[in-house]
Student: 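I have a structure here, written as structure tokens, and I will follow up with some questions on it.
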Amino acid sequence: MDLRIFTEPQQGATYEDQLRLARTAEDCGYSAFFRSDHFLAMGRDGRPGPTDSWVTLGALARETSTIRLGTLVTSVTFRHPGLLAVSVAQVDQMSGGRVELGLGAGWFAEEHAAYGIPFPDAPRRFDQLEDALGVVTGMWRTPAGQRFEYRGRTLSVTDSPALPKPVQDPYPPIIIGGGGRRRTPQLAARFADEFNMAFPTVEDTVRQYARVDEACREVGRDPGAILRSVALVACVGRDEAEVRRRADAIGRDVEELRDNGLAGTPAEVVERIGHWREQTGAERLYLQMLDLSDLAHTELVAAEVVPQL
């Protein structure tokens, strides 16, 4: 089971906070440091305010050396697909080929209103997502020296030099996720290297993975070509007192976290991860670390959970 660190900086974190955690995660041997792509806090004051995900990842690309970097997930409403392709390719170059792109349709209407970002209805956003996936992967796949053209439901690209190119061949891994029953699995079957379920139940995860399998078969793709992952809140302590202290620090109830996340002592969490693996077949876990200042939390999981997996 591959474990990655996943953060929500919009809840209240500076770039320096993210850098410290990314370096800690790298030193501890985690495979990746991922962050959300949001511009408004949920349920907290969110000070000092949002940090842009791709600006942050570009900086982290130069201040780390081995850990992979990405978004879970960038909203298609935030960036024009052609410019997103440029940004991600550039960060991939800056990192030496360590970037992954999570891309989704977006859902948080209030953050769009707070920053003047258009927020179409869900069908239109999924049209935008389909076009964005087509444009980004198409630009990256176009051989250097050739031109790229695209005509979709929401945009067209004409006579594009399709530059710059990412380091990774054919391009950085694409992560798609969510619980949509029809278009989400269809888009995953066409474009995804990884399919993620964020904060789900085991039962919902099993059902959605099955939909992705079926969508793959419908387009003649091997379902096994798509890696399956889950994102869950982590709250691990050496004893019950430490678990409760960490839960209090993020404003969550311990028993709720035991039911819906990865909470408890290292032994409890190892058992819980085993349950997820056996029931869903997930191969990768994103550990949502909500208190970015608690570096010891990340170190504890690396020292006492990872060796038992």
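The structure presented is a predicted model; accordingly, all values stated were derived computationally and were not measured.
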Student: Check the pair Arg277, Leu309 against side-chain contact (heavy atoms from CB on, under 4.5 Å), reporting the backbone distance first and the verdict last.
Tutor: CA-CA 10 Å; Arg277 172 68 176 173; Leu309 300 179; over 6 Å; no
Student: Measure the acute angle between the ring planes of Tyr171 and Trp140, then classify it against the limits of 30° and 60° as parallel, tilted or perpendicular.
Tutor: tilted
Student: Should the pair Glu218-Arg182 be classified as a salt bridge under the 4.0 Å nitrogen-to-oxygen rule?
Tutor: no
Student: If you look at every heavy atom in Pro48 and Gly12, which pair is closest and at what distance?
Tutor: CD-C, 4.1 Å
Student: Show your working on side-chain contact (heavy atoms from CB on, under 4.5 Å) between Glu130 and Arg190 and close with a plain yes or no.
Tutor: CA-CA 10 Å; Glu130 183 172 2; Arg190 291 174 57 195; 2.7 Å; yes
Student: Nearest heavy-atom pair of Ala282 and Tyr209: which atoms, and what distance?
Tutor: CB-OH, 3.9 Å
Student: Do Glu240 and Val254 have side chains that approach each other closer than 4.5 Å (heavy atoms only, starting at C-beta)?
Tutor: yes
Student: Strictly distance-based, threshold 3.5 Å: is any side-chain N or O of Asp92 a donor or acceptor partner for the main-chain N or O of Gln168?
Tutor: yes
Student: Regarding Trp54 and Thr74, is there a side-chain donor-to-acceptor distance under 3.5 Å anywhere?
Tutor: yes
Student: Do you reckon Val233 sits in the same ILVMFWY cluster as Val230, going by side-chain contacts under 4.5 Å, direct or chained?
Tutor: no
Student: Taking Thr298's backbone N and O only, do any of them form a donor-acceptor pair with Tyr30's side chain (distance below 3.5 Å, no angle check)?
Tutor: yes
Student: Donor-acceptor pair, Arg272 side chain versus Asp259 backbone, under 3.5 Å?
Tutor: yes
Student: Side chains of Thr7 and Arg35: do they bring a donor and an acceptor to under 3.5 Å?
Tutor: no
Student: If two hydrophobic side chains count as joined below 4.5 Å and joins carry through other members, does Val269 share a cluster with Val243?
Tutor: no
Student: Taking Thr64's backbone N and O only, do any of them form a donor-acceptor pair with Arg98's side chain (distance below 3.5 Å, no angle check)?
Tutor: yes
Student: With heavy-atom distances below 4.5 Å as the criterion, would you say the side chains of Pro9 and Thr56 are in contact?
Tutor: no
Student: Treating Ile, Leu, Val, Met, Phe, Trp and Tyr as nodes and any side-chain heavy-atom pair under 4.5 angstrom as an edge, say whether Met289 and Ile250 lie in one connected cluster.
Tutor: no
Student: Can you see which heavy atom on Ala247 is nearest to which on Cys235, and at what distance?
Tutor: N-SG, 3.5 Å
Student: Any sub-3.5 Å donor-acceptor pair from Glu149's side-chain atoms to Asp159's backbone N or O?
Tutor: yes
Student: Salt-bridged, Arg217 to Glu214, with N to O below 4.0 Å?
Tutor: yes
Student: State whether Arg245 and Asp239 are salt-bridged, where the test is any N-O pair (Lys NZ or Arg NE/NH1/NH2 against Asp/Glu carboxylate O) under 4.0 Å.
Tutor: no
Student: Answer yes or no: is there a side-chain heavy-atom contact under 4.5 Å between Phe191 and Leu103?
Tutor: no
Student: Verify the distance criterion only: is there a donor paired with an acceptor across the side chains of Thr77 and Gln128 at less than 3.5 Å?
Tutor: no
Student: side-chain contact (heavy atoms from CB on, under 4.5 Å) between Arg258 and Glu268: does it pass, once the steps are laid out?
Tutor: CA-CA 9 Å; Arg258 278 195 165 95; Glu268 289 180 279; 3.2 Å; yes
Student: Are the side chains of Leu292 and Glu16 in touch, meaning some heavy atoms are under 4.5 Å apart?
Tutor: no
Student: State, to 0.1 Å, how close Ala13 and Gln18 come at their nearest heavy-atom pair, and which atoms those are.
Tutor: O-NE2, 4.2 Å
Student: With side chains defined as the heavy atoms from C-beta onward, is the minimum distance between Leu40 and Pro50 less than 4.5 Å?
Tutor: no
Student: Identify the two heavy atoms, one from His112 and one from Ser75, that lie closest to each other, and give their separation to 0.1 Å.
Tutor: NE2-OG, 4.3 Å
Student: Donor-acceptor check, side chain of Arg62 to backbone of Met94, threshold 3.5 angstrom: yes or no?
Tutor: yes
Student: First locate atom OG1 of Thr158, then atom CZ of Arg151, and finally report the distance between them rounded to the nearest 0.5 Å.
Tutor: 5.0 Å
Student: Check the orientation of Phe78 and Phe39. Use parallel for under 30°, tilted for 30 to 60°, and perpendicular for over 60°.
Tutor: perpendicular
Student: Counting only N and O atoms by type, is there a donor-acceptor contact under 3.5 Å from the side chain of His275 to the main-chain atoms of Glu271?
Tutor: no
Student: Which distance, rounded to the nearest 0.5 Å, do you find between the OG1 of Thr51 and the OH of Tyr15?
Tutor: 10.5 Å
Student: Does some side-chain heavy atom of Asp193 sit less than 4.5 Å from a side-chain heavy atom of Leu227?
Tutor: no
Student: Which heavy-atom pair separates Pro166 from Pro170 by the least distance, and what is that distance?
Tutor: CG-O, 4.5 Å
Student: Test of understanding: clusters of I, L, V, M, F, W, Y form through side-chain heavy atoms closer than 4.5 Å, transitively. Do Val99 and Val136 belong to the same one?
Tutor: yes
Student: Give a yes or no on whether the backbone of Val236 and the side-chain of Glu242 come within a donor-acceptor separation of less than 3.5 Å.
Tutor: no
Student: Nearest 0.5 Å, please: how far is SG in Cys216 from CD1 in Ile226?
Tutor: 3.5 Å
Student: With the side chain counted from C-beta on, respond yes when Ser36 and Gln10 share a heavy-atom pair under 4.5 Å apart, and no when they do not.
Tutor: yes
Student: With rounding to the nearest 0.5 angstrom, report the OG1 to CD1 distance, Thr184 to Ile176.
Tutor: 8.5 Å
Student: Begin with the C-alpha distance, continue with both residues' side-chain angles, and end with the deciding distance and a verdict on side-chain contact (heavy atoms from CB on, under 4.5 Å) for Arg4 and Arg68.
Tutor: CA-CA 9 Å; Arg4 295 180 158 190; Arg68 296 188 68 79; 3.9 Å; yes
Student: Pairing donors with acceptors under 3.5 angstrom, does anything connect the side chains of Thr24 and Asp27?
Tutor: no
Student: Keeping Lys165 on the side-chain end and Met139 on the backbone end, is there a donor-acceptor pair under 3.5 Å?
Tutor: yes
Student: Any chance you could lay out the salt bridge (charged side-chain N to carboxylate O under 4.0 Å, His left out) test for Asp52 and Arg79, step after step, and finish with the verdict?
Tutor: CA-CA 11 Å; Asp52 182 272; Arg79 297 168 182 85; 2.7 Å; yes
Student: To the nearest 0.5 angstrom, please state how far the CZ atom of Arg125 sits from the OG1 atom of Thr154.
Tutor: 13.0 Å
Student: Please work out whether the ring planes of Phe6 and Tyr286 are parallel, tilted or perpendicular, with thresholds of 30° and 60°.
Tutor: perpendicular
Student: Considering only heavy atoms from C-beta outward, does the side chain of Pro200 approach that of Leu232 to under 4.5 Å?
Tutor: yes
Student: Is there a path of hydrophobic side-chain contacts, each under 4.5 Å between heavy atoms of I, L, V, M, F, W or Y residues, that connects Val306 with Met1?
Tutor: yes
Student: Determine, for Arg244 against Glu255, whether the closest basic-nitrogen to carboxylate-oxygen distance falls under 4.0 angstrom.
Tutor: yes
Student: Would you tell me whether Thr71 and Asp37 have side-chain atoms, one donor and one acceptor, within less than 3.5 Å of each other?
Tutor: no
Student: Measuring from atom CG of Asp204 to atom OG1 of Thr280, what distance do you get when rounded to the nearest 0.5 angstrom?
Tutor: 12.0 Å
Student: Only one of Arg228, Gln208, Arg221 clears side-chain hydrogen bond (donor to acceptor under 3.5 Å, both in side chains) with Asp213; which?
Tutor: Arg228
Student: Has Glu26 got a side-chain atom pairing as donor or acceptor with Ile67's backbone, closer than 3.5 angstrom?
Tutor: yes
